[in-house]
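Since the structure comes first, as structure tokens, the remarks are kept for the end.
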Amino acid sequence: MVFQDEIIKWYKDNKRDLPWRHTNDAYTIWLSEIILQQTRVDQGLPYFNRFLAHYPTVADFAAATEQQILKLWQGLGYYSRGRNMLFTAKIVMEMHNGIFPKRYDELIKLKGVGDYTAAAIASFSSNEAKAVVDGNVSRVLGRYFGVEKAINSSEGKKEVNALAQSLIEDQPASVYNQAIMEFGALHCKPKQPLCNVCSLQQSCYAFTHKKVAVLPLKEKKIKVKERRFNYFLCLDGDKILMRHRSPGDVWQHLYDLPLIETTGLESNEENSLQKQVSDLFGKNASYRLLDQIKHQLTHQIIYVQFFALDNYIVNFNKQAEIKWVSEEELKTLPMPKPISVFLKKYVE
DNA sequence: AAGCCGGGGAC
DNA sequence: GTCCCAGGCTT
């Protein structure tokens, strides 16, 4: 049996029952694919169910506000996905008559839809023969066919893409794409793949060349920056001071608390946290530590400290993005994970 | 081509 | 701790 037949056979015997596999509706598939970008199925599944319940059609989605979308997205990460979806939903309503595109050439034009997602929607919704290449597929092909270029280099990607596309040409596109991804996710895993029970063992380059542990090759890992966020809890009756985060940094367009970022290198009084607090909140302002946590992002480690602030003056000129928020409104604001966890613990 | 964008699970 | 997940956008 050829590679593709073995993959499809394996899939039929081992596939998970996932809700987006029961539909060929392009909108529903788009919803699932965007949510699953860089996101494990187990993590994305509850979000998919919630979004579909809130927004059964693209028209419902397009009618939502950015804040509603981001609030529902809260905790999932990569928040620009949610913003791009709203933009795209509106485009579909205005430019596609409310009918979600099914062809790759149309899908690829949509914001937030790249090569992978366009191929996924096109193949799953209408069997268009476009190969998906995600992390699973590049690993499976990299191992089985012995790709010696780094799969995250531009040459390596080109090679894997061409290989993937050549393999799908005469296949049932939807099932084959699902199958090779599922095979990568459950069987040909990054760590401890199930080679000993693999029907493709004898024709697998990596297995026969004892390179399973080193393929696929990847180049350079990103270096992680360290940052220090000092957040200040300011309460006034049932109101709390919140800040709308600007574009150009992590968690853009989400809400956090008044923030002073320090470098950790401040040695003199001029730069000390106390000095900066005085500058922002008046020289009578006092603060006491409530909590401290380490928050790990892909490329940043953020050491977060939370302080209660007293005897402060709020200067809205110095902090343009802050505003008083009622308990009721607070529930509707999308927040980064550490902020929502902190508020749940310290504010009732 | 390189950097940036989250959060969490598996090991 | 490390790796990486149904990637894409910006510079």
Side-chain angles (χ1 to χ4, degrees), chain A residues 15-16 18-21 29-48 70 73-85 87-88 107-124 130-140 150-158 160-161 164 174 177-186 188-193 213-214 216 218-225 227 245 247-254 256 293-302 334-341:
Chain A
K15 66 178 175 182
R16 290 168 289 185
L18 300 173
W20 44 84
R21 289 184 179 156
I29 293 165
W30 168 71
L31 198 56
S32 72
E33 291 302 336
I34 304 291
I35 287 173
L36 292 172
Q37 286 170 3
Q38 291 293 287
T39 304
R40 212 165 275 97
V41 165
D42 291 341
Q43 188 187 2
L45 187 51
Y47 285 85
F48 170 78
L70 289 178
W73 202 274
Q74 181 174 301
L76 192 55
Y78 286 154
Y79 297 93
S80 64
R81 290 182 289 174
R83 286 165 39 81
N84 288 339
M85 286 184 88
F87 182 89
T88 287
L107 291 160
I108 195 67
K109 297 174 186 167
L110 302 175
K111 187 171 285 191
V113 176
D115 268 335
Y116 163 78
T117 305
I121 301 173
S123 62
F124 301 155
K130 286 284 184 179
V132 292
V133 180
D134 70 337
N136 294 310
V137 173
S138 16
R139 182 174 57 257
V140 171
I151 58 160
N152 59 346
S153 68
S154 71
E155 297 247 314
K157 283 182 195 167
K158 206 181 293 181
V160 171
N161 285 341
S174 176
N177 271 341
Q178 292 279 4
I180 190 168
M181 285 196 286
E182 190 80 333
F183 183 74
L186 301 182
C188 195
K189 300 178 292 183
K191 302 288 171 66
Q192 299 173 10
V214 297
K218 278 194 161 181
E219 59 189 23
K220 63 186 170 271
K221 13 219 162 252
I222 57 173
K223 53 182 169 190
V224 177
K225 276 190 304 190
R227 302 175 71 180
R245 292 184 62 81
D249 198 358
V250 292
W251 302 322
Q252 56 174 299
H253 304 290
L254 272 62
D256 59 358
I293 57 132
K294 185 172 107 173
H295 189 74
Q296 176 89 51
L297 303 179
T298 302
H299 53 288
Q300 299 184 20
I301 299 175
I302 306 178
M335 292 175 279
K337 192 68 175 182
I339 302 299
S340 66
V341 169

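The basis for the numbers below is simple: all heavy atoms, side chains too, and nothing from hydrogens, waters or symmetry mates.
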If you round to the nearest 0.5 Å, how far is [atom2] of [Y] from [atom1] of [X]?
| X | Y | atom1 | atom2 | answer |
| --- | --- | --- | --- | --- |
| Lys130(A) | Ile121(A) | NZ | CD1 | 14.0 Å |
| Trp20(A) | Leu31(A) | CH2 | CG | 10.0 Å |
| Ile35(A) | Met85(A) | CD1 | CE | 6.0 Å |

Are [X] and [Y] close enough that a side-chain donor and a side-chain acceptor fall under 3.5 Å?
| X | Y | value |
| --- | --- | --- |
| Arg139(A) | Asn136(A) | yes |
| Tyr116(A) | Glu33(A) | yes |
| Gln178(A) | Arg21(A) | yes |

Need one value for [X]: base, sugar-phosphate or nothing, where a base atom within 4.0 Å counts as base even if backbone is also close, heavy atoms only.
| X | value |
| --- | --- |
| Ser154(A) | sugar-phosphate |
| Lys294(A) | sugar-phosphate |
| Asp115(A) | sugar-phosphate |
| Thr117(A) | sugar-phosphate |
| Val132(A) | nothing |
| Gly44(A) | nothing |
| Leu76(A) | base |
| Trp251(A) | sugar-phosphate |
| Gln300(A) | sugar-phosphate |
| Asp249(A) | sugar-phosphate |

Problem set entry | Side-chain heavy-atom pair His253(A), Tyr79(A) within 4.5 angstrom cut-off | no

Problem set entry | Validation row: His295(A), Val250(A) side chains within 4.5 angstrom (heavy atoms) | no

Exercise. So, are Arg227(A) and Asp249(A) salt-bridged, with charged N and O less than 4.0 Å apart?
Worked result: yes

Problem set entry | ring pair (Phe, Tyr, Trp, His ring centres under 6.0 Å) partners for Phe124(A), two or more places apart | none

Exercise. Taking for each residue the nucleotide of DNA chain B bearing the nearest heavy atom, is the 5' side occupied by Leu297(A) or by Lys189(A)?
Worked result: Leu297(A)

For this session: On DNA chain B, check which nucleotide each of Lys337(A) and Lys223(A) is closest to and give me the residue with the more 5' one.
Result: Lys223(A)

Exercise. 5' to 3' on DNA chain B, which nucleotides open and close the contacts with chain A (atom under 4.0 Å from a heavy atom)?
Worked result: dA1(B) to dC11(B)

Exercise. Given that Arg139(A) and Gly114(A) both sit by DNA chain C, which one's nearest nucleotide is further toward the 5' end?
Worked result: Arg139(A)

For this session: On DNA chain C, check which nucleotide each of Leu36(A) and Lys111(A) is closest to and give me the residue with the more 5' one.
Result: Leu36(A)

Exercise. How far, in whole Å, is dA6(C) from dC11(B) if one measures between their P atoms?
Worked result: 14 Å

For this session: In whole angstrom, give me the gap between the P atoms of dG6(B) and dT10(C).
Result: 14 Å

For this session: Please find the earliest and latest nucleotides of DNA chain C, in the 5' to 3' direction, that have an atom within less than 4.0 Å of any heavy atom of chain A.
Result: dG1(C) to dC9(C)

